[in-house]
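Everything on this sheet refers to the single structure shown next.
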Amino acid sequence: MTESDPPHTATTLRQALADLDAGRITEAEAGLRQVLDDEPQNGEALYFLAVLTYQSNRTVESFRLAERAVTQLPDATDCWNLYGVILLALTRPVEAEAALRRALEKDPGFAGAANNLGAALEAQGRLAEASEAYQQALTIDPTYAEAACNLGRSLLRLGRPADSAQMSRQALALQPNLGDAKINLSVAQQRKGQLEEAEATLESALAEDISNAALHRYLGVLRRGRGNLDGAEASLRQSLQLDDAPGETYDNLAAVLLDQGNAEAAEASFYQALQRNPENNRTHSNLLLCLNYRSNDRNALYRAHRAWAERHARPIAPMPPDVRKRDRKRLRVGYVSADFREHSVAFFVEPLLALLDRERFECWCYASMENPDAVTGRLIALSDHWRWVAGMDDSQLAAQIRDDGIDILIDLSGHTSGNRLLTLQRRPAPVQATWLGYPNTTGMKAVDFRITDAIADPLESAVYSSEMLAHVESGFLCYQPAPDIPDVAPLPALSRSHVTFGSFNNLRKVTPSVIALWSRVLGQIPASRLLLKARSFGDQATAQHYLDKFALHGISPDRVELRGSIADTAGHLDSYRDIDIALDPFPYNGTTTTCEALLMGVPVVTLLGNRHTGRVGASLLSQVGLTDWIAENTDAYIEIARQHAAEIDPLAEMRNGLRNRLFKSPLCDAPDFARRMAQVYEHIWRTTVAD
């Protein structure tokens with residue numbers, strides 16, 4: 001105290017701190033405020049009142065107090081640590097990092113500050129540095145369970161599930177009831193394919209803490225991954241009953257509802273998620289993907305995509321132009337994707353990586369996923385340069401791409417899971433395009449081109465795209481069948497008394513309108529049957545729900561067979577032996593499923609839509625010369641199905657020759673496709689450079 005201080009200030013402060021230690025919060029706050037009334041610059045009172053208000057969830061007030069406290073107590077490590085924690089809570093991780101580094105400069109042995117520094121770095125996407133900070137905290141204090149837990153999480157995000165599981169077990173050995181560590185362990189077990197163990201881990205955590213909303217949420221996500229959609233929905237709704245604030249829970253619930261085929265309810269759940277976290281660009285992207293399954297209104301869809309870009313992309317400033325000379329002979333083409341694994345995107349990009357002319361192009365792959373597999377290994381071998389970028393934030397990834405000197409950057413995700421669209425917003429490459437992974441515009445002006453073809457996206461549809469359309473001659477897809485494919489089986493109708501229609505598309509595409517039309521097809525051909533195969537049918541409640549939907553249209557359950565997923569590719573393909581004619585859904589057509597049907601000798605009826613999602617079927621069938629299987633309207637769709645179902649011998653003949661026809665078509669001509677894509681790359685490069 002100074003000579004001018006009121007004499008009772010020190011006594012009041014001591015009493016306030018005693019009240020705080022005893023949990024008498026109201027009395028403690030009153031005492032601390034009395035001290036500050038008498039002595040506004042009392043650093044100790046400022047610090048402890050900042051602690052009190054932060055613990056009372058009055059974060060903005062605590063920030064103002066902590067900001068004053070560090071000014072008055074510049075050498076107090078606890079003050080800088082608290083200031084950093086509060087900045088982190090206010091989603092200001094860069095400033096939090098600076099404050100926490102000040103704390104560690106003053107006291108390098110401050111384990112709590114090191115742990116909090118890890119959290120600030122992790123919030124910036126600097127996962128490797130975050131792991132080092134968590135390890136530093138654990139080195140300082142080997143009994144620090146929270147630091148071990150956080151290190152387990154960061155290792156998980158770095159794609160090291162085995163190391164993460166080991167660290168999570170270490171955290172649990174230190175603190176057996178640490179729920180976050182059990183969540184990390186469960187996710188690590190999932191990544192390692194130990195699904196039963198992962199679910200048991202979460203259930204054991206819930207047995208100790210049944211009111212933990214986060215545990216219910218993670219259990220819901222796990223159950224969805226195991227195909228238990230009914231159980232997943234129940235867990236997520238239980239989580240919302242306990243805490244309906246986290247938008248991610250509504251996001252997870254929406255994904256389950258989509259898997260169940262309830263796109264309308266999923267859309268509502270995505271909106272709930274966005275209301276709670278409007279700045280979550282990934283939830284907003286998930287909503288856009290959902291809208292593609294539901295809407296035929298091209299104007300509304302375009303506006304929705306532009307709204308995403310306005311909210312999330314436009315505020316991000318682009319990098320300064322790259323002024324380096326590009327006098328090399330080969331263009332560097334970079335592909336960004338979270339799907340360089342066993343995924344449809346990887347299967348369509350593989351032939352291009354294998355055959356793109358290396359005298360004119362270098363192939364760089366930026367893999368933004370944490371779960372590589374055997375397909376990943378093949379793609380690594382086919383690329384000239386491979387970068388693991390899951391641990392980079394968008395700014396770091398953009399800087400890496402700029403440093404690599406990429407000329408043409410290709411997004412392979414659009415608004416699907418794991419996308420890095422906000423990297424492209426930073427303009428790391430002079431030419432940027434999107435291709436393959438998403439059936440609509442990105443909505444972003446920073447993406448120059450959308451690579452497609454004249455059937456999927458006629459030139460007149462360019463008004464619904466923020467990108468310029470770059471058409472690939474003959475078709476924008478090249479299909480490479482899996483190795484060791486089964487032989488084509490005889491037409492099943494030859495040995496049965498009926499024709500079997502079928503679809504192996506995911507249930508997100510099997511909308512009420514699709515069920516209504518397929519029911520009309522079955523109604524026109526009374527003896528016919530329908531075989532549907534989808535992963536979601538492994539859930540009994542979902543399967544029964546679909547049987548009930550067909551029953552509402554007069555189709556009895558004995559005419560509809562529902563099958564769940566088959567894990568191995570050969571077994572999946574062999575299931576086509578039970579289908580005579582495949583039916584394409586709408587407004588979101590199949591892509592891989594259509595190619596697989598043709599491979600197995602099964603022709604596909606498709607309905608020509610008004611936008612990309614509903615025109616891919618026509619693009620694929622046109623490449624194979626099956627334009628007479630493309631319907632202009634629903635009546636024509638029924639008639640095509642009816643006519644071919646009535647002509648068994650021609651159908652059997654087509655089945656015998658369809659695979660060979662596919663292999664000889666542009667759809668499977670990988671060398672020619674690579675040539676055509678090279679033409680597109682050179683065109684978009686010249687166009688942009690000329691501009």
Side-chain angles (χ1 to χ4, degrees), residues 190 193-199 219-236 252-263 265-266 293 341-344 347 371 373 417 482 485-486 489 492 500-512 514-515 518-519 522 528-551 555-585 588 590-597 599-600 602 604:
Q190 290 177 62
Q194 300 167 347
L195 300 183
E196 289 185 12
E197 295 90 335
E199 188 161 352
L219 182 58
V221 172
L222 172 59
R223 285 176 168 172
R224 179 192 172 219
R226 299 195 68 187
N228 179 6
L229 301 181
D230 200 36
E233 182 182 357
S235 291
L236 291 166
N252 297 145
L253 177 60
V256 172
L257 294 168
L258 268 181
D259 289 346
Q260 293 171 333
N262 194 348
Y293 294 110
R341 54 187 173 82
E342 190 169 346
H343 187 280
S344 296
F347 298 140
N371 50 341
D373 56 23
S417 178
I485 55 178
T500 302
F501 296 101
S503 171
F504 291 176
N505 284 276
N506 76 62
L507 290 195
R508 299 179 174 199
K509 300 180 181 182
V510 185
T511 65
V514 171
I515 291 171
W518 288 354
S519 295
L522 294 175
S528 62
R529 301 287 188 274
L530 178 66
L531 169 59
L532 302 181
K533 177 177 168 292
R535 187 173 186 274
S536 297
F537 287 139
D539 180 73
Q540 187 174 357
T542 300
Q544 186 58 53
H545 183 56
Y546 269 77
L547 291 176
D548 293 342
K549 287 183 178 182
F550 278 100
I555 305 302
S556 61
D558 62 314
R559 297 185 64 191
V560 181
E561 181 183 353
L562 306 179
R563 294 183 187 175
S565 177
I566 297 175
D568 66 290
T569 301
H572 162 71
L573 291 173
D574 198 47
S575 297
Y576 281 98
R577 67 170 50 249
D578 295 321
I579 297 177
D580 298 292
I581 297 171
L583 300 177
D584 204 12
Y588 203 135
T591 303
T592 304
T593 49
T594 295
C595 294
E596 289 174 344
L599 176 71
M600 299 309 296
V602 181
V604 183

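Quick caveat: nothing in here was measured; it's all calculated off a predicted structure.
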Quick check: does any side chain N or O of [X] sit under 3.5 Å from a backbone N or O of [Y], one acting as donor and the other as acceptor?
X    : Y    : result
D230 : A541 : no
N262 : L257 : no
R223 : S235 : no
S575 : G571 : yes
R577 : P492 : no
D373 : E342 : yes

How about [X] and [Y]: do any of their side-chain heavy atoms sit closer than 4.5 Å?
X    : Y    : answer
N228 : D539 : yes
L229 : S536 : yes
L532 : F550 : yes
I555 : L530 : no
T500 : D578 : no
S344 : T591 : no
N506 : R535 : no

Over all atoms of both residues, closest heavy-atom pair of [X] and [Y]:
X    : Y    : result
A582 : V602 : N-CG1, 3.5 Å
V256 : A232 : CG2-CB, 3.9 Å
A534 : N505 : CB-O, 3.8 Å
I579 : S503 : CD1-N, 4.4 Å
V510 : I515 : CG1-CG1, 3.9 Å
L195 : R226 : CB-NE, 3.7 Å

Report summary line: salt bridge (Lys or Arg N to Asp or Glu O under 4.0 Å) filter on E561, not counting sequence neighbours, yields R563
Give, for atom [atom1] of [X] and atom [atom2] of [Y], the distance between the pair rounded to the nearest 0.5 Å.
X    : Y    : atom1 : atom2 : value
Y293 : T511 : OH    : OG1   : 12.0 Å
D580 : R529 : CG    : CZ    : 12.0 Å
L253 : L258 : CG    : CG    : 10.0 Å
F504 : L573 : CZ    : CG    : 9.0 Å
I485 : D574 : CD1   : CG    : 11.5 Å

Query raised in the report: Listed by chain and number, what are the ring pair (Phe, Tyr, Trp, His ring centres under 6.0 Å) partners of Y546, not counting sequence neighbours?
Result: F537
**Report entry** Residues that F347 engages under ring pair (Phe, Tyr, Trp, His ring centres under 6.0 Å), provided they are two or more places apart
**Finding:** none
Query raised in the report: In a check of side-chain hydrogen bond (donor to acceptor under 3.5 Å, both in side chains) between Q260 and each of H545, E233, R224, which one passes?
Result: E233
Query raised in the report: Just wondering, are more than 12 heavy atoms of other shown residues or ligands nearer than 6.0 Å to CD in Q540?
Result: no
